[in-house]
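Everything quoted here is computed from the prediction, not taken from an experiment. Hydrogens, waters and symmetry mates are skipped; everything else that's a heavy atom, side chains included, is used.
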Amino acid sequence: MEVGQLQRSFVEYMASLFREGFLDAQFSQLQQLQDDSNPDFVVEVVSLFFEDSERLLNDLTMALDQPNVDFKQVDAHVHQLKGSSSSVGAQRVKNCCIPFRNCCEEQNTEACLRCLQQIKQEYLLAKNKLQTLFDLEQQIVAAGGAIPMVQYSNDYGLSL
C-alpha cells in the first residue's frame, strides 16, 4: 500500500475511534506530547496502561471471587482503572467504571461481576483497536511516510 493511502487509512481509522467513543480528547493530548526526541511516547504510555489494566482486571477477578468480597478493595481497583483509562483517553473503559463503582457502593456482587465482564470486553476492544492503530503507524513509517497529526475536536471531528 502506498504512503498516501496508508495515511488516509490512518486518519479515517482515528476518526472512527473517536466517533465510536473508544478514544477522547485525552488521547490527542498524549499525541501532542510526542515529538522527535521521544517518538514512541504514546506507544510506551499505552503499553503501560495495558500492563496496569491487565493486573487490575486480574485483581478484580480474584477479589470478586472471594466468599466475603471486600467492596472497598474492589472499589479501589476500579477507581485506579478509571484513572488510568482516563489518562490515556480510553473513554469506553473509563465509562464502564462509573456504574461499577456504584455497584461497589451498593455491595452488589452479582452486579459487580456483570460490570467486570463489561469492562473486560471494552478493555479488549480498546486494546485491539489501539494495536491496529499502532500497526498502521508502523506501516506508514516503514513506507517512508510521516504519521499525520490529527486533532480531536468536541464534535468528534478530526482535522489535520
Side-chain angles (χ1 to χ4, degrees), residues 5-61 63-64 73-106 111-141 145-160:
Q5 191 174 358
L6 286 168
Q7 290 169 325
R8 283 188 295 282
S9 293
F10 176 84
V11 171
E12 290 168 12
Y13 192 68
M14 278 286 288
S16 75
L17 294 179
F18 282 96
R19 190 174 50 251
E20 296 169 19
F22 285 101
L23 299 178
D24 63 20
Q26 184 59 37
F27 188 78
S28 292
Q29 296 285 325
L30 271 182
Q31 288 180 307
Q32 290 174 10
L33 295 173
Q34 182 167 292
D35 58 22
D36 292 338
S37 67
N38 197 354
D40 298 324
F41 178 75
V42 175
V43 172
E44 290 170 5
V45 170
V46 171
S47 293
L48 290 172
F49 163 69
F50 291 157
E51 291 172 22
D52 192 43
S53 296
E54 287 175 25
R55 179 187 53 79
L56 288 167
L57 290 170
N58 286 333
D59 290 349
L60 283 164
T61 300
L64 287 169
Q73 180 190 39
V74 172
D75 185 60
H77 292 319
V78 175
H79 182 72
Q80 201 174 354
L81 182 61
K82 182 181 176 203
S84 61
S85 57
S86 180
S87 70
V88 298
Q91 181 173 290
R92 285 171 47 165
V93 175
K94 176 190 74 175
N95 290 346
C96 287
C97 293
I98 298 164
F100 199 158
R101 293 195 71 200
N102 293 336
C103 294
C104 289
E105 199 172 295
E106 296 164 3
C112 284
L113 286 167
R114 284 191 300 274
C115 288
L116 177 60
Q117 288 311 308
Q118 186 177 5
I119 282 183
K120 284 180 176 181
Q121 181 179 353
E122 289 298 337
Y123 166 75
L124 287 173
L125 278 170
K127 184 176 181 179
N128 288 335
K129 299 271 185 187
L130 286 166
Q131 192 57 56
T132 298
L133 182 72
F134 298 147
D135 289 347
L136 254 176
E137 286 183 354
Q138 287 180 337
Q139 289 175 32
I140 291 169
V141 170
I147 308 300
M149 258 327 277
V150 180
Q151 294 295 316
Y152 166 84
S153 69
N154 289 340
D155 62 358
Y156 300 109
L158 297 173
S159 58
L160 295 174

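Taking CG of L116 as the reference point, atom NE2 of H77 lies at 11.0 Å (rounded to 0.5 Å). In this structure, CZ on F100 lies 9.5 Å from CD on Q117, to the nearest 0.5 angstrom. The distance from the CG atom of L60 to the SG atom of C115 is 10.5 Å, given to the nearest 0.5 Å. The distance from the CD atom of Q80 to the OG atom of S85 is 11.0 Å, given to the nearest 0.5 Å. Rounding to the nearest 0.5 angstrom, the gap separating the CD atom in Q91 from the CD atom in Q26 is 11.5 Å. If you take CG on L64 and SG on C112, they are separated by 5.5 Å, rounding to the nearest 0.5 Å.
The salt bridge (Lys or Arg N to Asp or Glu O under 4.0 Å) test applied to E137 returns no partner, not counting sequence neighbours. When the side-chain contact (heavy atoms from CB on, under 4.5 Å) test is applied to Q138, the partners found at least two apart in sequence or on another chain are D135. Here K82 pairs with nothing under the salt bridge (Lys or Arg N to Asp or Glu O under 4.0 Å) rule; sequence neighbours left out. In terms of the salt bridge (Lys or Arg N to Asp or Glu O under 4.0 Å) criterion, residue partners of E20 (sequence neighbours excluded) are, by chain and number, K129. Every residue two or more places apart in sequence or in another chain that forms a side-chain contact (heavy atoms from CB on, under 4.5 Å) with S86 is listed here: K94. In terms of the side-chain contact (heavy atoms from CB on, under 4.5 Å) criterion, residue partners of E51 (sequence neighbours excluded) are, by chain and number, L48. By the side-chain contact (heavy atoms from CB on, under 4.5 Å) test, A111 pairs with C103, N108, R114, sequence neighbours left out. For the side chain to side chain donor-acceptor pair (under 3.5 Å) test, residues two or more places apart in sequence or in another chain that qualify with R92 are E122. D59 meets the salt bridge (Lys or Arg N to Asp or Glu O under 4.0 Å) test with R55; sequence neighbours excluded.
Closest approach of V141 and I147 over heavy atoms only: CG2-CD1, 3.8 Å. Across all non-hydrogen atoms, the minimal contact from V45 to V88 is CG1-CG1, 3.8 Å. Counting all heavy atoms, side chain and backbone alike, L81 lies closest to I119 at CD2-CG2, 3.6 Å. For the residue pair F18 and L23, the shortest heavy atom distance occurs at CD2-O, 3.5 Å. Here the closest non-hydrogen pair linking A90 and F49 is CB-CZ, 4.0 Å. Of all heavy-atom pairs spanning F27 and L130, the tightest one is CE1-CD2, 3.8 Å.
For the pair F10/L6, no side-chain contact is recorded, criterion being any heavy-atom separation below 4.5 Å from C-beta on. Residues V42 and L33 have side chains not in contact (no heavy-atom distance under 4.5 Å, counting atoms from C-beta outward). Considering only heavy atoms from C-beta on, I140 comes within 4.5 Å of P148 through its side chain. Using a 4.5 Å heavy-atom threshold, the side chains of F22 and V93 count as separate.
For the pair Q7 (side chain) and A146 (backbone), a donor-acceptor distance under 3.5 Å is present.
Sorted by first and then second residue, the side-chain hydrogen bond (donor to acceptor under 3.5 Å, both in side chains) pairs involving residues 34-43 (not counting sequence neighbours) are D35-S37.
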Practice problem: For side-chain contact (heavy atoms from CB on, under 4.5 Å), just list the numbers for L56 and V78, CA-CA rounded to whole Å, side-chain angles, deciding distance to a tenth of an Å, and then say yes or no. | Solution: CA-CA 8 Å; L56 288 167; V78 175; over 6 Å; no

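Counting only N and O atoms by type, the side chains of T61 and K120 include a donor and acceptor under 3.5 Å apart.
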